[in-house]
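The structure appears right after this line, and notes come after that.
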Amino acid sequence: MGLIALLALTACGTPAAQPTTAPTATTEPAAAVPTATTEAKPAGTFSITDGTGTTLSFEQAPAKIICLYKRCTEVLATLGVIPQALPASMAELAKDASYFSQPNQIVLLRETNDEIGFDLEELAALKPDLILGWEELRTSMNGIAPVYAVTNDMNSYQDSHAETRAFAALLGREAEAEAAIKGFLDRLAAYKRLAPKDRSVMYIFFYDDKVYYRDGDSATCVLLNEVGSCAWPDPAKASSWSVETSIEGLLALNPDMIIVDSYGLNSKTTEELRASVGKNPLWQELTAYKEQRFLLQPAGIHSMDGMGTVGAARLLDTYMPLLYPETFPQPLTEDAIKAGQ
């Protein structure tokens with residue numbers, strides 16, 4: 001799997017007709033959640049088994065970690081670990097204080113158009129302890145740095161928590177992992193307790209003049225189903241998260257709120273997006289359009305996958321006040337979350 005597909009590993013499920021440059025990636029065959037040694041390490045060995053079944057072992061916890069896909073940024077941010085380098089396309093995320101402390105010295109890697117997607121000499125020059133990437137990198141990086149090969153088999157926030165715990169054991173940051181996971185689960189429980197759960201929400205994106213939505217089995221909907229309704233059907237029962245539809249198909253489902261991925265759109269604001277799609281009167285018949293809940297994904301939302309403690313918490317804090325403004329005039333504060341425990 002090359003760069004473009006892996007950079008989209010915030011999500012499973014590119015539709016069959018959709019190239020891997022779209023904002024979701026093809027679901028791969030299921031693999032075991034990565035595991036790490038958690039028992040005492042008398043020989044100082046730290047190990048983790050990646051999605052391909054390859055076990056990587058270290059004399060000490062890796063310190064210089066290059067992260068080449070979106071999902072590993074969620075893991076590292078949860079653990080309070082600053083990556084040595086990220087792809088240049090993730091520059092905004094590198095500058096986001098919710099993910100990584102500021103200022104930082106994250107190197108932004110030049111991206112190329114070949115299968116690997118990066119300048120191998122630049123990767124080697126950084127002398128990383130570990131590269132979080134994909135299997136095709138192993139041969140090129142042999143003798144330079146071990147490569148953890150990701151597979152795109154995470155389908156829920158629960159899966160992402162298991163992955164985070166595996167990396168926490170590798171990096172000796174179990175306490176940080178448990179604190180972050182508990183914080184997210186407390187936040188989710190507070191929203192679940194207060195949410196009316198009487199509105200539906202759909203996440204869609206446009207590609208090649210077609211429209212797709214994420215189905216009820218996507219990690220996005222696994223999370224949103226806990227605070228609302230996101231159980232959208234996949235008539236083909238495909239292994240991907242994405243379902244191709246049409247404006248007529250959307251009207252038949254008629255969600256109360258629609259979140260539109262900004263990928264590939266010229267629209268910079270929700271108002272511009274509404275004006276653009278509103279040229280077709282059928283879009284104006286949607287409940288979400290009529291009730292001002294047809295929204296462009298904000299720039300600060302780096303992922304709509306509902307995975308990772310940072311990204312999933314931001315998703316809830318951003319969209320719950322929009323879905324239920326009567327209940328949540330603003331995101332829940334830490335005091336409000338603690339008050340409900």
Side-chain angles (χ1 to χ4, degrees), residues 1-3 5-7 9 28-87 100 105-107 109 115-155 158-181 307-309:
M1 182 182 297
L3 162 70
L6 266 296
L7 287 182
L9 273 175
E28 303 215 2
V33 171
T35 58
T37 57
T38 56
E39 67 275 6
K41 305 176 177 67
T45 300
F46 295 74
S47 300
I48 190 167
T49 301
D50 69 15
T52 69
T54 301
T55 298
L56 307 177
S57 297
F58 305 83
E59 288 298 316
Q60 57 187 6
K64 297 188 295 182
I65 303 174
I66 293 178
C67 169
L68 298 180
Y69 54 93
K70 176 60 179 64
R71 204 171 79 209
C72 62
T73 64
E74 293 287 349
V75 171
L76 296 180
T78 293
L79 300 179
V81 174
I82 298 177
Q84 182 185 24
L86 293 173
F100 306 114
Q105 302 299 316
I106 296 175
V107 175
L109 300 166
E115 181 182 15
I116 297 300
F118 296 94
D119 184 331
L120 296 176
E121 291 185 359
E122 184 180 21
L123 292 177
L126 292 172
K127 298 180 180 180
D129 298 326
L130 175 63
I131 297 175
L132 306 181
W134 44 93
E135 194 167 14
E136 288 83 351
L137 273 173
R138 281 207 173 106
T139 300
S140 302
M141 292 290 102
N142 187 34
I144 298 171
V147 174
Y148 175 95
V150 67
T151 53
N152 197 9
D153 56 350
M154 298 287 148
N155 292 304
Q158 295 95 332
D159 286 346
S160 75
H161 293 174
E163 180 181 49
T164 295
R165 288 182 169 113
F167 275 98
L170 172 68
L171 302 177
R173 301 187 72 84
E174 292 92 339
E176 289 84 350
E178 294 309 319
I181 289 170
M307 294 194 286
T309 62

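Taking each heavy atom of Leu123 and Met141 in turn, the nearest pair found is CB-SD, 4.2 Å. In terms of heavy atoms, Ala63 sits closest to Asp129 at N-OD2, 2.9 Å. Among all heavy-atom pairs drawn from Phe118 and Pro87, the shortest one is CZ-CG, 3.7 Å. Heavy-atom minimum distance, Val150 versus Arg71: CG2-NH2, 3.1 Å. Smallest separation of non-hydrogen atoms from Phe100 and Pro83: CE2-CD, 3.4 Å. Taking all atoms of both residues into account, the shortest heavy-atom contact from Thr151 to Gly51 is OG1-CA, 3.6 Å.
Side-chain atoms of Glu74 and Met307, non-hydrogen and from C-beta on, never get closer than 4.5 Å to each other. Considering only heavy atoms from C-beta on, Phe167 stays 4.5 Å or farther from Cys72 through its side chain. No side-chain heavy atom of Phe46 sits less than 4.5 Å from a side-chain heavy atom of Leu171.
Separating the CG atom in Leu79 from the CD1 atom in Ile65 is a distance of 8.5 Å, to the nearest 0.5 Å. If you take CZ on Arg138 and OH on Tyr148, they are separated by 10.0 Å, rounding to the nearest 0.5 Å. A distance of 8.5 Å separates CG of Leu170 from CG of Leu56, quoted to the nearest 0.5 Å. Atom CD1 of Ile181 is separated from atom CD of Glu176 by 11.5 Å, given to the nearest 0.5 angstrom. Within the model, atoms CG of Leu68 and CG of Leu137 stand 6.0 Å from one another, a figure rounded to the nearest 0.5 Å. Here the CG-CD1 distance, from Leu76 to Ile106, works out to 9.0 Å after rounding to the nearest 0.5 Å.
With no hydrogens or angles considered, a side-chain donor-acceptor pair links Thr78 and Thr309 at under 3.5 Å.
Judged by distance alone, the side chain of Gln84 and the main-chain N or O of Leu126 form a donor-acceptor pair under 3.5 Å. Under the 3.5 Å distance criterion, the side-chain polar atoms of Lys64 are left unmatched by any main-chain donor or acceptor of Leu130. Remark: the backbone N or O of Ala149 is paired with a side-chain donor or acceptor of Asp50 at under 3.5 angstrom.
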> What's the verdict on side-chain hydrogen bond (donor to acceptor under 3.5 Å, both in side chains) for Thr55 and Thr49, showing C-alpha distance, side-chain angles and the deciding distance?
Replying inline: CA-CA 4 Å; Thr55 298; Thr49 301; 2.8 Å; yes

>> Could you go through Ile66 and Leu109, starting from their C-alpha distance and side-chain angles, then the distance that decides it, and tell me whether this counts as side-chain contact (heavy atoms from CB on, under 4.5 Å)?
In response: CA-CA 10 Å; Ile66 293 178; Leu109 300 166; 3.9 Å; yes

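Residues that satisfy the side-chain hydrogen bond (donor to acceptor under 3.5 Å, both in side chains) test with Ser140, not counting sequence neighbours, are absent from this structure.
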